[in-house]
Amino acid sequence: MTGAPASDSSGSGIESVMHEDRVFDPPASVSDSAHVPSLEAYRSLHERSLQDPEGFWSDVAMELSWFQPWSKVLEWDAPDAKWFVGATTNVSYNCLDRQVEAGYGDETAIIWEGEPLEPGSGPEVRSLSYRELMDETCKLANALKSLGVGKGDVVTIYMPMVPEAAVAMLACARIGAPHSVIFGGFSAQAIADRVHDASSKVIITADGGWRRGGIVPLKANVDEACQQADCVEHVVVLRRCENEVSWTDDRDHWWHDIVDSASPDCPAEPMGSEDLLFVLYTSGSTGKPKGILHTTGGYMVHAYLTSKMTFDLHPGRDQVMWCTADIGWVTGHSYVVYGVLPNRVPTLMYEGAPNWPDPSRFWQMVERHKVTQFYTAPTAIRAFMRWGDEHVTGHDLSSLQILGTVGEPINPEAWMWYHRVVGGERCPIVDTWWQTETGGHMITPLPGATPTKPGSCTLPFFGVDAAIVDEKGVEQPADTGGLLAIRKPWPSMLRGILGDRERFIETYWSDIKTEDGTIYYKAGDGARRDADGYFWVMGRIDDVLNVSGHRLGTAEVESALVSHADVVEAAVVGMPHEIKGEGIAAFITLGPGASPGQDLAGLLREHVAKEIGAIAKPDQIRFADALPKTRSGKIMRRLLRDVAAGKEKTEQDVTTLEDFAVLAKLRESEEA
Ligand code: ATP
Ligand code: MG
């Protein structure tokens with residue numbers, strides 16, 4: 001990043017203040033055998049996908065199995081989309097039966113590593129073939145049926161990261177019961193809210209889950225949730241930690257009692273393409289979580305194609321895909337389970353935490369399982385940077401081919417570290433921009449085709465018509481910030497928010513309308529495109545700073561701070577300021593050896609001025625041990641705004657906040 005002064009503000013656009021010249025071409029070792037081997041190949045296929053979306057998506061869909069073909073590829077009556085109209089299929093069938101019937105039943109579907117309970121203790125490793133995974137799935141599906149679960153009944157899944165969590169998802173999909181997966185780190189209250197919201201009658205859980213050597217009391221949390229959510233009729237409990245649990249006789253069932261004896265024969269239910277596959281709640285970064293609805297056919301096709309193209313998956317090439325996300329997030333849905341299994345590449349699941357029993361856990365796992373595709377989040381990458389390179393470099397990571405990131409803008413500094421230390425400067429990085437709402441990747445490099453720039457998610461995926469526009473839908477010139485919008489429907493787009501049509505319309509389908517009345521999907525992120533057409537996410541629209549009439553995105557100011565050697569993580573938010581209208585408050589965590597205080601604060605202000613201009617100098621700097629994050633690991637700037645404004649209490653939804661102590665500590669922190 002080099003210094004480029006902020007230009008004069010004009011209109012309501014967000015100003016682009018960051019400049020990045022580094023470009024990394026895809027290595028020949030990847031391009032030579034990639035699905036999409038060059039930028040030209042990407043461009044022509046992307047053009048075709050926009051000009052003839054129905055032809056394009058129907059060709060892709062035909063790579064998968066359907067019980068009944070579609071009569072029409074797309075019916076679009078904004079904001080309502082129907083994809084593969086009239087077709088029937090089953091996602092579980094495409095993940096399992098398809099591989100077994102083609103003779104690959106003995107190949108590995110899932111590799112799983114449990115939490116090592118003590119330093120030095122060997123990890124517990126299991127692997128399941130497609131055949132084994134299918135048998136388990138069928139047994140659970142039959143057990144669910146025997147509890148009265150049928151098509152359309154929402155089943156809640158609140159599980160540790162064990163193979164049975166994937167089995168539970170696949171079993172629900174198999175019988176047409178939409179699932180609602182709740183991350184195992186959530187509290188009883190969050191479970192009760194979600195169970196109630198979906199009128200879910202069945203919960204699948206475990207006695208407990210291992211994390212950092214301790215037991216997360218999953219069953220106890222479910223018991224507590226059930227006191228509030230009286231719609232629950234059955235709770236299925238997997239034995240995992242052998243901890244004591246309390247028992248409600250006519251409601252609770254041990255997994256092994258009802259599953260082990262069930263028949264392994266359960267033909268997949270033909271599901272309408274638009275039948276609900278799952279409901280999943282967003283992270284809650286910008287407000288109360290939304291229950292996003294995804295349906296069968298379109299989601300399946302998009303998850304399959306993005307897995308194949310973005311990670312360049314090829315069956316039979318000894319690849320191992322490791323997406324580190326919990327299945328409680330959309331990333332886990334699409335890139336641990338539903339997108340990977342139809343591609344017939346083994347998917348690695350792990351239980352526990354990245355730094356337990358020590359900070360080299362991930363890299364031991366990469367070495368042990370010869371991981372080829374590795375996909376994680378910026379929050380994890382920044383944590384590894386802080387823990388020290390030695391935990392990474394002490395392991396043989398030569399199996400790695402492609403690295404991915406998702407969840408937040410990745411600061412160029414963290415990108416470079418990932419590239420250098422983890423990727424050995426040889427692995428392309430795919431910075432994938434997408435949302436729970438989009439179901440799969442929307443803007444991302446393709447590893448064999450797209451030259452990458454640190455901090456940019458680069459170019460739109462096939463079939464995705466992404467643009468930077470203003471409220472009238474007018475496309476903005478290069479390097480001018482605006483609203484990130486999607487102008488055409490795509491197969492895995494959300495079909496709604498559970499039980500809240502109004503919020504659905506208001507959140508996504510109201511703010512961007514062209515002169516002729518066309519509505520675009522509003523993602524809620526601010527971004528710009530550079531002269532090469534590359535997308536740069538500048539931050540959430542809600543978080544845009546307005547300093548003396550200049551509108552600045554948060555990501556760029558944060559990246560300038562993170563590019564200082566002492567800074568590991570930074571979050572900036574607006575605060576009331578008498579003269580400027582809005583000032584900038586920066587919350588900063590430091591690397592080992594750096595000392596917080598006035599001196600460093602002064603240096604950081606100068607550093608930001610040098611990197612992007614005096615306009616972006618933080619007015620308030622606070623050093624912290626940690627930043628408030630969602631349970632999916634994203635910085636919650638909306639809470640920091642309250643702290644910066646000196647509010648003692650927040651009236652906001654904090655149900656997805658990871659650690660309340662962090663917030664309390666920040667309130668007490670001194671300004672430097
Ligand atoms: P909520 O919608 O409840 O406020 P959330 O937006 O964090 O929470 P998710 O669906 O988990 O919920 O996250 C999607 C958002 O994450 C995107 O809108 C974007 O802001 C951010 N994001 C995801 N991937 C990237 C990326 N590669 N680069 C920049 N931002 C990203
Ligand atoms: Mg969101």
Side-chain angles (χ1 to χ4, degrees), residues 18 181 183 190 194 279-292 294 306 310 323 325-326 328-335 375-381 403-412 414-415 418 429-445 452-461 466 483-486 492-494 497-498 500 503-504 506-508 521-528 534-544 553-556 558-559 628-639 652-658:
M18 196 165 91
V181 183
F183 171 55
R194 286 161 176 69
V279 49
L280 182 64
Y281 292 82
T282 57
S283 296
S285 309
T286 59
K288 185 171 179 271
K290 303 167 279 257
I292 301 300
H294 281 290
T306 48
T310 307
C323 164
D326 191 278
W329 313 118
V330 74
T331 307
H333 280 51
S334 300
Y335 303 108
Y375 191 30
T376 196
T379 183
I381 296 167
L403 304 177
T405 161
V406 60
E408 286 180 293
I410 181 164
N411 321 109
W415 195 104
Y418 199 24
I429 295 180
V430 290
D431 175 358
T432 61
W433 178 87
W434 60 297
Q435 312 176 293
T436 309
E437 294 89 335
T438 70
H441 302 154
M442 297 297 278
I443 307 179
T444 177
T452 50
K453 304 182 188 185
S456 169
C457 51
T458 77
L459 299 167
F461 190 72
L483 308 171
L484 177 45
I486 313 294
S492 61
M493 65 196 294
L494 77 166
I497 295 178
L498 183 65
D500 204 341
R503 192 173 181 202
F504 172 59
E506 199 186 296
T507 309
Y508 311 106
Y521 173 81
K522 183 183 100 171
D525 289 348
R528 67 182 166 94
Y534 277 41
F535 284 80
W536 298 79
V537 174
M538 299 163 76
R540 312 290 182 126
I541 307 269
D542 298 358
D543 293 333
V544 169
T554 50
E556 298 187 309
E558 288 164 4
S559 287
K629 292 188 180 170
T630 62
R631 286 179 192 266
S632 57
K634 300 173 191 221
I635 297 169
M636 281 173 109
R637 292 180 194 76
R638 61 188 170 94
L639 302 182
Q652 305 196 49
D653 182 287
V654 288
T655 51
T656 64
L657 176 62
E658 187 186 26

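Atoms within a ligand are numbered from 1 in the order they appear, just like the ligands themselves. All heavy atoms count here, side chains included; hydrogens, waters and symmetry mates do not. For this chain, numbers begin at 1 and follow the sequence in order.
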Test side-chain contact (heavy atoms from CB on, under 4.5 Å) applied to Thr405 and Val430, step by step
CA-CA 6 Å; Thr405 161; Val430 290; over 6 Å; no
Can you list the residues that meet the salt bridge (Lys or Arg N to Asp or Glu O under 4.0 Å) rule with [X], with sequence neighbours excluded?
{"X": "Glu558", "answer": "Arg637"}
{"X": "Arg528", "answer": "Asp479, Glu556"}
{"X": "Lys453", "answer": "Asp530, Asp532"}

Can you tell me if Thr458 and Ser456 form a side-chain donor-acceptor pair at under 3.5 Å?
no
Does a donor on one side chain sit under 3.5 Å from an acceptor on the other, for Thr432 and Tyr335?
no
Between ligand 1 and the protein, give all atom pairs where both partners are nitrogen or oxygen and the distance is under 3.5 Å, as lines of names plus distance to 0.1 Å.
unit_1   : atom_1 : unit_2 : atom_2 : d
ligand 1 : 2 (O)  : Lys290 : NZ     : 3.1
ligand 1 : 3 (O)  : Thr282 : OG1    : 2.6
ligand 1 : 3 (O)  : Gly284 : N      : 2.7
ligand 1 : 4 (O)  : Ser285 : N      : 3.2
ligand 1 : 4 (O)  : Thr286 : N      : 2.7
ligand 1 : 4 (O)  : Thr286 : OG1    : 2.5
ligand 1 : 6 (O)  : Arg540 : NH1    : 2.7
ligand 1 : 7 (O)  : Ser285 : OG     : 2.5
ligand 1 : 7 (O)  : Arg540 : NH2    : 3.0
ligand 1 : 7 (O)  : Lys634 : NZ     : 3.2
ligand 1 : 8 (O)  : Ser283 : N      : 3.4
ligand 1 : 8 (O)  : Gly284 : N      : 3.2
ligand 1 : 8 (O)  : Ser285 : N      : 3.2
ligand 1 : 10 (O) : Thr436 : N      : 2.9
ligand 1 : 10 (O) : Thr436 : OG1    : 2.6
ligand 1 : 11 (O) : Ser283 : OG     : 2.7
ligand 1 : 11 (O) : Lys634 : NZ     : 3.1
ligand 1 : 12 (O) : Ser283 : N      : 3.4
ligand 1 : 13 (O) : Lys634 : NZ     : 2.6
ligand 1 : 16 (O) : Gly407 : O      : 3.1
ligand 1 : 16 (O) : Lys634 : NZ     : 3.0
ligand 1 : 18 (O) : Gln435 : NE2    : 2.9
ligand 1 : 18 (O) : Asp525 : OD1    : 3.3
ligand 1 : 18 (O) : Asp525 : OD2    : 3.0
ligand 1 : 20 (O) : Asp525 : OD1    : 2.9
ligand 1 : 20 (O) : Asp525 : OD2    : 2.9
ligand 1 : 20 (O) : Arg540 : NE     : 3.0
ligand 1 : 22 (N) : Gly407 : O      : 3.3
ligand 1 : 24 (N) : Gly407 : N      : 3.1
ligand 1 : 27 (N) : Asp431 : OD1    : 2.7
ligand 1 : 27 (N) : Thr432 : O      : 2.8
ligand 1 : 28 (N) : Glu408 : O      : 3.4
ligand 1 : 30 (N) : Pro409 : N      : 3.4

